[in-house]
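In this chain, residues are counted from 1 in sequence order.
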Amino acid sequence: MRVLIVEDEVNLAETLKQILKDNRFDSDICLDGESGLAHALEGAYDLLILDVMLPKIDGFTIVEKLREAESATPILMLTAKSSVEDYVHGLDLGADYYLTKPFEMQELMACVRALTRRRGEVIMDELKFGDLVLNKSTCELECGDRTIRLGKKEFTIMHLLMTNGNVVVSKEQLLKNAWGFDSGAEDNNIEVYISFLRKKLRFLHTRVEIETLRKFGYKLAESRR
């Protein structure tokens with residue numbers, strides 16, 4: 001597996017390269033958006049790790065141009081921004097996952113493994129788990145002929161859960177992505193939105209359930225009914 005890192009912070013880029021090497025991933029580094037886009041368009045990579053704020057061409061523009069060129073390379077975006085609008089904007093353009101700086105390296109590697117497993121199966125506007133479909137363009141959750149629209153935080157949480165599939169998503173990860181690193185939100189905020197999502201899943205009559213793992217977080221599972 002080969003990864004392209006597009007990150008203008010040299011120390012972070014080198015750290016990412018070493019972490020990937022330790023986990024048996026080869027990688028190349030580009031320090032600006034222009035060279036990053038050129039390398040990404042070559043189509044020789046299994047994953048793109050892309051910073052949002054870059055010299056010459058920003059990360060959002062790179063995502064847009066890659067998807068316009070019908071590139072299916074999975075894209076993991078890195079950003080110091082914590083606004084939900086930025087997060088949703090990146091996903092709408094075609095990014096597959098979003099990490100807010102600072103992040104834990106084990107969290108990064110979990111994302112890398114999940115996205116490279118899906119190499120060649122990237123769906124531009126949809127995520128699927130079991131009989132459930134999340135439309136990234138409309139923020140709608142679908143099952144069969146039933147559809148329900150999600151709010152911004154509901155969408156962010158469900159997107160994280162569906163991207164990770166059977167892998168547990170920690171409460172810290174959900175808080176950071178849905179509320180922002182310095183928001184002051186607490187565990188009970190997540191519990192409220194998980195409750196909202198469970199009600200919507202029941203409305204959809206889906207086999208997919210949100211499981212709680214005490215002291216760890218949440219993950220998706222399919223019931224046998």
Enquirer: Looking at Arg67 and Asp96, does any basic side-chain N land under 4.0 Å from a carboxylate oxygen?
Expert: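 Result for this pair is yes, salt bridge flagged.
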
Enquirer: List in chain and number order the residues that pass salt bridge (Lys or Arg N to Asp or Glu O under 4.0 Å) with Asp28, two or more places apart in sequence or in another chain; answer none if no residue qualifies.
Expert: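 Result, salt bridge (Lys or Arg N to Asp or Glu O under 4.0 Å) vs Asp28: Arg2.
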
Enquirer: Okay, side chain of Asp51, backbone of Leu54: is any donor-acceptor separation there less than 3.5 Å?
Expert: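 Side chain of Asp51 to backbone of Leu54: no pair is present.
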
Enquirer: Measuring only between side-chain heavy atoms, which start at C-beta, is Val52 closer than 4.5 Å to Tyr98?
Expert: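 Counting from C-beta outward, Val52 and Tyr98 do come under 4.5 Å.
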
Enquirer: Starting from Ile194, can I reach Val168 by hopping between I/L/V/M/F/W/Y residues whose side chains sit under 4.5 Å apart?
Expert: no

Enquirer: Take Asp131 and Val208 through the test side-chain contact (heavy atoms from CB on, under 4.5 Å) and record every step on the way to the result.
Expert: CA-CA 7 Å; Asp131 60 359; Val208 176; 3.7 Å; yes

Enquirer: Please name all residues satisfying salt bridge (Lys or Arg N to Asp or Glu O under 4.0 Å) with Glu142, sequence neighbours left out, ordered by chain then number.
Expert: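 Checked Glu142 against salt bridge (Lys or Arg N to Asp or Glu O under 4.0 Å); zero matches.
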
Enquirer: Give a yes or no on whether Asn188 atom CG has more than 12 heavy-atom contacts from other residues, nucleotides or ligands under 6.0 Å away.
Expert: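 Yes, because the 6.0 Å sphere around CG of Asn188 holds more than 12 heavy atoms from other groups.
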
Enquirer: As an exercise, state the distance from CZ of Phe155 to CG of Leu134, rounded to the nearest 0.5 Å.
Expert: 5.0 Å

Enquirer: Do the side chain of Ser195 and the main chain of Glu191 share a donor and acceptor less than 3.5 angstrom apart?
Expert: no

Enquirer: Whether the side chain of Lys101 engages the backbone of Leu78 through a donor-acceptor N/O pair (distance < 3.5 Å, no angle test) should be reported.
Expert: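 Flag not set: sc Lys101 to bb Leu78 has no pair under 3.5 Å.
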
Enquirer: Considering residues at least two apart in sequence or located in another chain, which fulfil the side chain to side chain contact (heavy atoms under 4.5 Å, CB included) criterion with Ala69?
Expert: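 Here the qualifying residues are Leu41.
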
Enquirer: Can you name the closest pair of heavy atoms from Cys111 and Tyr97 and give their distance?
Expert: SG-CE2, 3.1 Å

Enquirer: With the side chain counted from C-beta on, respond yes when Arg198 and Thr212 share a heavy-atom pair under 4.5 Å apart, and no when they do not.
Expert: yes

Enquirer: I need the Ile49 CD1 to Cys30 SG distance, nearest 0.5 Å.
Expert: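 If I round to the nearest 0.5 Å, the distance is 12.5 Å.
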
Enquirer: Hey, what do you get for CE (Met158) to SG (Cys139), rounding to the nearest 0.5 Å?
Expert: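 Going from CE on Met158 over to SG on Cys139, the span is 12.5 Å.
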
Enquirer: Do Arg149 and Glu154 meet the salt-bridge criterion of a basic N to acidic O distance under 4.0 Å?
Expert: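 Salt bridge: no.
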
Enquirer: If every non-hydrogen atom of Asp8 is compared with every non-hydrogen atom of Pro55, which pair is closest and at what distance?
Expert: CB-CD, 3.6 Å

Enquirer: Kindly say whether Glu9 contributes a backbone atom to a donor-acceptor pair with the side chain of Glu7 at under 3.5 angstrom?
Expert: yes

Enquirer: Do Lys56 and Leu37 come within less than 4.5 Å of each other through their side chains, counting heavy atoms only?
Expert: no

Enquirer: When rounded to the nearest 0.5 angstrom, what is the spacing between CG in Leu161 and CD1 in Ile210?
Expert: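 Interatomic distance, Leu161 CG to Ile210 CD1, rounded to 0.5 Å: 5.5 Å.
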
Enquirer: Leu20 and Ser27: which non-hydrogen atoms are nearest, and at how many Å?
Expert: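 Where Leu20 meets Ser27 most closely, the heavy atoms are CD1-CB, 3.9 Å.
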
Enquirer: Should side-chain heavy atoms under 4.5 Å link Ile, Leu, Val, Met, Phe, Trp and Tyr, which residues sit in the same cluster as Val133?
Expert: none

Enquirer: Using a 4.5 Å cut-off between side-chain heavy atoms of Ile, Leu, Val, Met, Phe, Trp and Tyr, which other residues end up in the same hydrophobic cluster as Val167?
Expert: none

Enquirer: Given Leu48, which of Ile5, Val6, Val3 fulfils the side chain to side chain contact (heavy atoms under 4.5 Å, CB included) condition?
Expert: Val6

Enquirer: Would you say Lys65 has more than 12 foreign heavy atoms packed within less than 6.0 Å of its NZ?
Expert: no

Enquirer: Between Val169 and Leu213, is there shared hydrophobic-cluster membership here, with clusters defined by ILVMFWY side-chain heavy atoms closer than 4.5 Å?
Expert: no

Enquirer: Is there side-chain contact between Gln106 and Met109, with at least one heavy-atom pair below 4.5 Å?
Expert: no

Enquirer: To the nearest 0.5 Å, tell me how far Met162 CE sits from Leu132 CG.
Expert: 4.5 Å

Enquirer: On a heavy-atom basis, which atom in Gly59 and which in Leu50 lie closest, and how many Å separate them?
Expert: O-CD2, 3.4 Å

Enquirer: Are any of the side-chain heavy atoms of Ile157 and Tyr218 separated by less than 4.5 Å?
Expert: no

Enquirer: Output, in order, the C-alpha distance, side-chain angles, deciding distance and verdict of side-chain contact (heavy atoms from CB on, under 4.5 Å) for Glu14 and Asn11.
Expert: CA-CA 5 Å; Glu14 292 293 346; Asn11 290 339; 5.9 Å; no

Enquirer: Using the rule given for side-chain contact (heavy atoms from CB on, under 4.5 Å), can you reason through Leu115 versus Leu76, listing the C-alpha separation, both sets of side-chain angles and the distance that settles it, and then say yes or no?
Expert: CA-CA 8 Å; Leu115 291 174; Leu76 169 60; 3.9 Å; yes

Enquirer: Could I get the full list of ring-ring contact (aromatic ring centres under 6.0 Å, His included) partners for Phe216, not counting sequence neighbours?
Expert: none

Enquirer: Got a donor-acceptor contact below 3.5 angstrom from the Asn23 side chain to the Phe25 backbone?
Expert: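 No; zero donor-acceptor contacts below 3.5 Å.
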
Enquirer: Between CD of Glu222 and CG of Asn166, what distance do you get to the nearest 0.5 Å?
Expert: 8.0 Å

Enquirer: Looking only at heavy atoms, which two atoms of Ser35 and Leu31 are closest? And how far apart?
Expert: OG-N, 4.3 Å

Enquirer: More than 12 non-hydrogen atoms from neighbouring residues, nucleotides or ligands closer than 6.0 Å to CD on Glu140, yes or no?
Expert: yes

Enquirer: Where is the tightest heavy-atom contact between Phe60 and Asp58, given as atom of each residue plus distance?
Expert: N-OD1, 2.9 Å

Enquirer: Compare all side-chain heavy atoms of Leu93 with those of Thr61 and state whether any distance is below 4.5 angstrom.
Expert: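 No. Closest side-chain heavy atoms not under 4.5 Å.
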
Enquirer: Do Thr15 and Gln18 have side chains that approach each other closer than 4.5 Å (heavy atoms only, starting at C-beta)?
Expert: no

